[in-house]
Amino acid sequence: MSTKKILTIVVTFCIVIIAIDQLSKYLVTKNVTEKIGNDYFAIEVTENTGMAFGFNSGNTKNIFLSLIVIFIIISFIRNQRELIGTKELMAISLALGGGISNIIDRVFRGGVLDFIKVLFIPNFNIADLCICTGWILIVIFLIIYTKKEEVFKQEK
């Protein structure tokens with residue numbers, strides 16, 4: 001796949017994810033003052049200064065850790081551009097766009113705004129959902145690729 005096509009897919013997908021996430025956070029901060037919902041699903045605004053699920057809370061180095069992961073993802077795309085298909089790029093873009101949106105929160109809010117509460121799961125936001133979905137898809141695609149590679153080697 002050409003570098004221009006890869007760049008177009010990744011940038012477009014990331015911009016859409018960032019826009020949706022930041023708009024949802026803006027709307028929640030302007031319209032929600034207290035918990036809305038029940039014990040199963042609620043809109044409840046919290047701020048997360050840590051990484052996923054509040055891990056490493058209050059550590060100012062979280063931005064740098066996130067930037068390192070984003071740099072690794074971009075390097076991977078650059079080095080593997082010949083082998084990456086559209087669905088893999090979309091999965092990578094989900095993780096990348098969500099990560100960038102949460103970094104925007106860290107820089108401009110001092111922490112990530114989380115507002116979706118489902119059952120016992122810690123509060124999360126749309127960017128977190130994109131990150132988790134993206135990484136799950138990446139793992140699934142790697143498993144499928146590994147299985148195909150094994151079959152290919154056995155056929156030789």
Side-chain angles (χ1 to χ4, degrees), residues 1 3-81 84-143:
M1 186 178 300
T3 304
K4 184 177 179 179
K5 186 172 181 180
I6 289 173
L7 196 58
T8 301
I9 291 169
V10 172
V11 170
T12 302
F13 219 68
C14 285
I15 288 172
V16 169
I17 291 165
I18 293 166
I20 290 170
D21 183 59
Q22 291 298 317
L23 178 63
S24 69
K25 291 171 181 173
Y26 172 79
L27 292 172
V28 165
T29 57
K30 293 297 179 195
N31 297 304
V32 177
T33 55
E34 59 186 49
K35 181 179 176 179
I36 301 170
N38 53 42
D39 292 338
Y40 304 106
F41 179 81
I43 303 297
E44 179 182 40
V45 179
T46 57
E47 185 177 279
N48 178 2
T49 59
M51 301 288 275
F53 308 113
F55 172 74
N56 208 18
S57 188
N59 189 340
T60 56
K61 294 181 176 114
N62 289 338
I63 292 175
F64 298 110
L65 292 173
S66 298
L67 288 171
I68 289 169
V69 170
I70 287 172
F71 176 76
I72 290 168
I73 292 170
I74 292 170
S75 295
F76 174 79
I77 292 170
R78 194 175 132 260
N79 292 330
Q80 300 296 319
R81 67 182 167 269
I84 295 177
T86 304
K87 63 184 176 199
E88 290 86 3
L89 275 178
M90 292 176 78
I92 292 168
S93 298
L94 279 167
L96 194 58
I100 291 169
S101 191
N102 279 345
I103 287 175
I104 290 169
D105 275 13
R106 290 186 195 291
V107 170
F108 292 104
R109 296 178 201 255
V112 176
L113 183 75
D114 292 330
F115 59 90
I116 302 170
K117 179 73 176 158
V118 178
L119 298 172
F120 56 86
I121 300 170
N123 290 18
F124 60 95
N125 57 46
I126 292 170
D128 297 336
L129 189 61
C130 289
I131 293 167
C132 290
T133 303
W135 281 109
I136 289 168
L137 289 172
I138 290 167
V139 169
I140 290 169
F141 295 148
L142 285 173
I143 291 169

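Since the model is a prediction, treat every value here as computed from it, not as a measurement.
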* Apply the test side chain to side chain contact (heavy atoms under 4.5 Å, CB included) to residues E47 and L113: give CA-CA distance (whole Å), side-chain angles for both, the deciding distance (0.1 Å), then the verdict. => CA-CA 5 Å; E47 185 177 279; L113 183 75; 5.5 Å; no
Is there side-chain contact between [X] and [Y], with at least one heavy-atom pair below 4.5 Å?
| X | Y | answer |
| --- | --- | --- |
| T86 | I9 | yes |
| L94 | L137 | yes |
| L96 | I131 | no |
| S24 | F115 | yes |
| I43 | K117 | no |

* Asked: Using a distance-only test with no angle check, is there a side-chain donor-acceptor pair under 3.5 angstrom linking N48 and N123?
  -> no
* Asked: Should we say atom NZ of K35 is surrounded by more than 12 heavy atoms from elsewhere, each under 6.0 Å from it?
  -> yes
* Asked: For atom CG of D39, is the number of surrounding heavy atoms from other residues, nucleotides or ligands below 6.0 Å larger than 12?
  -> no
* Asked: Are N102 and N125 close enough, and set up right, to give a side chain to side chain contact (heavy atoms under 4.5 Å, CB included), and what steps lead you there?
  -> CA-CA 9 Å; N102 279 345; N125 57 46; 3.4 Å; yes
* Any chance you could measure T46, atom OG1, to E44, atom CD, to the nearest 0.5 Å? => 6.5 Å
* Distance from C130 atom SG to I100 atom CD1, nearest 0.5 Å? -> 12.0 Å
* Asked: Listed by chain and number, what are the side chain to side chain donor-acceptor pair (under 3.5 Å) partners of D21, not counting sequence neighbours?
  -> K25, S101
* To do: Report yes or no: does N31 contribute a side-chain atom to a donor-acceptor pair with the main-chain N or O of L27 at less than 3.5 Å?
  => yes
* To do: Output every pair passing side chain to side chain donor-acceptor pair (under 3.5 Å) with a member in residues 131-142, not counting sequence neighbours, ordered by first then second residue.
  => none
* Could you give me the CA-CA distance, side-chain angles and deciding distance for V112 and R106, then say whether side chain to side chain contact (heavy atoms under 4.5 Å, CB included) is met? => CA-CA 6 Å; V112 176; R106 290 186 195 291; 3.6 Å; yes
* To do: Give the intermediate values and the outcome of side chain to side chain contact (heavy atoms under 4.5 Å, CB included) for residues L89 and K5.
  => CA-CA 10 Å; L89 275 178; K5 186 172 181 180; over 6 Å; no
Give every donor-acceptor pair under 3.5 Å between a side-chain atom in residues 12-20 and any protein atom, sequence neighbours left out.
unit_1: T12; atom_1: OG1; unit_2: T8; atom_2: O; d: 2.7

